[in-house]
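Within every chain, numbering begins at 1; the chains are lettered A, B, ... in the order of the sequence lines, protein sequences first and strands thereafter.
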Protein chains: 2
Amino acid sequence: MKILNKHTDYALRALIALGMNPGSRMSAKALSEGQVIPYQFLRRILQELIRSGLVNSKQGVGGGVALAVDPERINVRDVIEIFQGPVQVSECMFRKQLCSNRANCVLRHEIMRIEQLVDDEFSRVSVGKLITDLKRVGEAGKSRHVHETN
Amino acid sequence: MKILNKHTDYALRALIALGMNPGSRMSAKALSEGQVIPYQFLRRILQELIRSGLVNSKQGVGGGVALAVDPERINVRDVIEIFQGPVQVSECMFRKQLCSNRANCVLRHEIMRIEQLVDDEFSRVSVGKLITDLKRVGEAGKSRHVHETN
DNA sequence: ATTATTTGATACTAAATTAGTATCAGTTTA
DNA sequence: TAAACTGATACTAATTTAGTATCAAATAAT
Ligand code: FES
Ligand code: FES
């Protein structure tokens, strides 16, 4: 049961990389090589991040993408939502009118509670926090990359 | 981002149905009709529940499945684990030795925290609790079915 | 102006997972 | 011995996720 998919994972890595040296504009190519993410795949992910307003872009030589908002104000929840839709544990479909008392459904109720909890927790983790933590650890540890799912 | 898949969902519905009238043994056919779950699919799900020890089975006429353990001692986490594996938000693969300080990875750390939280919460929801709640609500509401994902 | 570098838009393929179906052998009861 | 069951297992279909490819348009440097 995996919660983050590659889109989300790569997006987070890219955002963190962009936030590491503030104000930096990086090309998809550079990011792809730095974070070891398939170029074309990353391109599409970046395009979504641009559409969502989290990063801005500039075409042409010397162009690339940069954070459009303070990394403190980007949280993991946002990114999950962009690539995987809102957290929802399960959803009743009223399939063929069978579910006549959705409002009273206990399982649904419990599940929504947990769903909310997960949502809140992911909201609490900002890219900014990840960056500052990474930097602090980096002082000692010295590793370049960011994170790798699978 | 859906957390429960159909296997888990149907399994839970079956377990709840079995627990509703204690000691009852029901055939896959009856369960399938009662809960509106595709018969052959449910059969395989039940077979897994049997293997896992949560229910026992009896072959032949009048046979079927029944809960093997107290519904209070079956929780949603158990069922998720059977059908979707352990909760794991994401996992570092050490792909090509790039991830040299997994232990210090901040994203991983945060994610494991949330993972643990989700796990704990699902552990807290027992089939028994769902049943008693359902019964209480059922007094008033009067609906037959259990829950429906999608 | 021309060329190299970059994103924008979008279509496509491949792999993996999830959902669902089918079949036949063996057990139990009537 | 027939009917109602589960056990085991193989199979197909649908959906989602992951990844590739292409071409147009923008920008900057030469
Ligand atoms: S990148 Fe490997 S553990 Fe985070
Ligand atoms: S079954 Fe419809 S809400 Fe639970």
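Among residues two or more places apart in sequence or in another chain, the side chain to side chain contact (heavy atoms under 4.5 Å, CB included) test is passed with A/Val69 by A/Leu54, A/Ile74.
With rounding to whole Å, A/Leu42 atom CG is found 16 Å from C/dA9 atom C1'. One interatomic measurement links the two molecules: CD of B/Glu48 to C1' of D/dT9, which rounds to 13 Å at whole-angstrom precision. What separates CZ of A/Arg13 from P of D/dA18 is a distance of 12 Å, to the nearest Å. B/Ile45 has its CD1 atom 16 Å from the C1' atom of D/dA8, to the nearest Å. Taking atom CG of residue A/Leu46 and atom C1' of nucleotide C/dG8, one finds them 12 Å apart after rounding to whole Å. Here the P atom of nucleotide D/dT17 and the CG atom of B/Asn5 are 12 Å apart, to the nearest Å. To the nearest angstrom, P of D/dA10 lies 18 Å from CZ of B/Phe41.
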* Structure fact -> Counting primed atoms, P, OP1 and OP2 as sugar-phosphate and everything else as base, the B/S/- map of nucleotides 21-30 of chain D against protein heavy atoms under 4.0 Å is BB--BBBB--
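Of the candidate nucleotides D/dG19, D/dA18, C/dG8, C/dG8 has the atom nearest to the side chain of A/Ser57. For A/His7, the side-chain atoms get nearest to D/dT17 when compared with the rest of D/dT17, D/dT6, C/dA19. The side chain of B/Lys6 approaches C/dA19 more closely than any other nucleotide in the set D/dA8, C/dA19, D/dT6. With distances taken from any side-chain atom of A/Arg51 to the nucleotides D/dT20, C/dG20, C/dA9, the minimum falls on C/dA9.
Nearest-nucleotide mapping onto DNA chain C: of B/Thr8 and A/Lys29, the residue sitting toward the 5' end is A/Lys29.
Every pair passing side chain to side chain donor-acceptor pair (under 3.5 Å) that includes a residue from residues 77-87 of chain A is listed here, sequence neighbours excluded: A/Asn5-A/Gln84, A/Thr8-A/Gln84, A/Arg77-A/Glu81, A/Arg77-A/Asp119.
Looking at heavy-atom distances under 4.0 Å, A/Ile50 makes contact with sugar-phosphate atoms alone, never a base.
Residues A/Asp120 and A/Arg124 are not paired through a salt bridge, judged by the lack of any N-O separation under 4.0 Å between the basic side chain and the carboxylate.
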